[in-house]
Amino acid sequence: MKIHTQAVHAGDRKKPGEAIPVTTPIHTAASYIYERIEQLDRVFAQEADGYCYSRYDNPTTHALEDLVVALEGGHGALACASGMAALETAVLTALTDRPKRVVAAQALYGATVRLLTNVLEPLGVESRMVDICDLEAAGRALSEVRPGCVVMETISNPLLRVGNLDRIAEMTRSAGAALVVDNTFATPLMVRPLEHGAHMVVHSVTKYLAGHGDVLGGIVVSDDAHYQTLRALSRTRGPVLGPFESYLTMRGIKTFALRMERQCANACRVASWLATHPAIERVHFPADPAHPDAATIRRLLPAGLYGAIVSFELKDAGREEIFAFLDRLKLVVRATSLGDVHSMILYPAMSSHRDLAPKQRERMGIGDNLVRLSAGIEAVEDILADLEQAL
Ligand SMILES: Cc1ncc(COP(=O)(O)O)c(C=O)c1O
C-alpha cells in the first residue's frame, strides 16, 4: 500500500483482545464495520444487537444509559445533548400517539416554559400551566384540556414546591395522558418517579449526576411502553449525547450518591442558618415544617434528604442590593447552573427565568429579591462564613 493509504488505515481498528477495560472507553467512532455485510444489514434492520451509526447508538453512551436505567428503575434510556433536548424528546414521545395538548406545572425551569410556549405552541401544541400542587386545579385542567402529556418537576425550580406525584400520576393515567417528570433537583437518591407512576423521567445530567460543571447533557428514562418511540424519534432527530460527555457523566455518577448526601446536609444547615438571619426575609426549603407542601414532602422525600438547593429572599432588596451581595461573595461561585461540587448562587430573575415577562415571573412567585443557592460539598462552616460576610 502507498503511504497515503497506510496513513488512513494502518494500525486502526485494533481489538482489545480478551482484556476487559475496568472503565468504559470513549468510543469516538461514528460508524462500525462487521466481518460480513449481512451482519451490518441485520443491525440496521434492528434484528440484531449491535452498533452501526452513533446517532442511533454508541457503546459509551449506551453504558451511561444502562447506568441511569439502573438508578431510576426504568426500562430504557436515551442520553441527550442537554437537559432541554431530553425534555423536548420526552414531550414529543408522549405526544406521538396522543392529542397535541400539554398540561404543565406552573412552577418550572424557565426554558421548559419557553419550550412549551415558544417552540411547541407555534407548531400547534396547545399548553396550559396550572399549580400542580393544587390537586383540584390540576384535575380541572386535565378534564378541560384533555392533554396528551403532563409535565412537572419533582422539586420545582427555584421555589422548591413538591407536587403529590402519586396522585398526579393516577390522574394523568386516567386521563389517558403520559406523565413526564423532570427529576433533576431530587435525583434518584431521593425519588424514583417511575415507581410513583410516571411514564418518563428526565434529567439535566449537567447538574447532580455529572456534578463537576464540565458536562452539558440530559437523559430520558422511560417505561416499556414509550421506549421504542423515544428511540425511533431520536434515530431521526439526533439529539444524542456524544461519547466524551457520556464518559464524563459516568465518571461523575460514580460519586453522585456520596456528593448528594453531603450537599443535602450542607443545604439543611444553610437553610436553618439563613432562617434566623436578620437580613433574610424568607427561606424556601423543603425541610421547613411550614413549607406549603409539607405533607407531601414527608411522604415523598426520605428523612434528612430535602435536596441541595436553598432559595431565599433578602429583606428590602431589589436587583441593585442583590448584585452587591453577590459581588461580595468570595467562595460561593456566582454562576448559573447547579448541582456542582462547588457552591453556586444565582439570581433567577436574571438567569433561569430571565426571558419570562415580569408579570409571569411575579405570578410564579419569583421576586426581584430572590436568590437561589446550590450547596456544594465544601465544609459547611466555610459556606456560612462567606454568606455571613456578604450579607
Ligand atoms: C430543573 C431543570 N431542568 C432542565 C434544565 C435544562 O438542562 P440543560 O441546561 O442541561 O439543558 C435545567 C437547567 O438549569 C433545570 O434546572
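Counting starts at 1 for both ligands and their atoms, following the listed order. In what follows, residues are counted from 1 in the order of the sequence shown.
Protein heavy atom closest to atom 1 (C) of ligand 1, with residue, atom name and distance, is Asp182 OD2, 3.5 Å. Protein heavy atom at the shortest distance from atom 16 (O) of ligand 1 is Asn157 ND2, 3.2 Å. Counting only heavy atoms of the protein, atom 6 (C) of ligand 1 lies nearest to Tyr109 CE2, 3.5 Å.
Thr296 and Asn164 are not linked by any side-chain donor-acceptor pair at a separation below 3.5 angstrom, with hydrogens and angles left out of the test. Inspection of the Asp214 and His212 side chains reveals no N or O donor paired with an N or O acceptor under 3.5 Å.
For ligand 1, the atoms sitting less than 4.0 Å from at least one non-hydrogen atom of Thr206 are 10 (O), numbered in the order shown with element in parentheses. Under a 4.0 Å criterion applied to the non-hydrogen atoms of Gly217, ligand 1 contributes the atoms 10 (O). Per-residue contacts place Lys207 under 4.0 angstrom from the following atoms of ligand 1 (heavy atoms of the residue considered): 7 (O), 9 (O), 12 (C), 13 (C), 14 (O). In summary, the atoms of ligand 1 found under 4.0 Å from a heavy atom of Ser82, numbered by their order in the structure, are 10 (O), 11 (O).
An N or O contact shorter than 3.5 Å is missing between Thr112 and ligand 1 by distance. Polar contact check, Leu338 against ligand 1: no nitrogen or oxygen pair lies under 3.5 Å apart. Annotation: Glu153 places no N or O atom under 3.5 Å from an N or O atom of ligand 1; distance criterion only. The shortest N/O to N/O separation between Gly83 and ligand 1 falls below 3.5 Å.
Taking a cutoff of 4.0 Å between a charged side-chain nitrogen and a carboxylate oxygen, Lys330 and Asp386 do not qualify as a salt bridge. The pair Arg42-Glu47 meets the salt-bridge criterion, with a side-chain N (NZ, NE, NH1 or NH2) lying under 4.0 Å from an Asp/Glu carboxylate O.
The shell of residues lying under 4.0 angstrom from ligand 1, judged by heavy atoms, excludes Ala86.
You'll find the side chain of Val191 reaches within 4.5 Å of the side chain of Leu165, heavy atoms only. Taking 4.5 Å as the limit, every side-chain heavy atom of Ser351 sits out of range of all side-chain heavy atoms of Arg372. Counting only heavy atoms from C-beta outward, the side chains of Asp327 and Arg334 approach each other to under 4.5 Å.
Aromatic rings from Tyr53 and Tyr32 are positioned such that their centres are separated by 6.0 Å or more.
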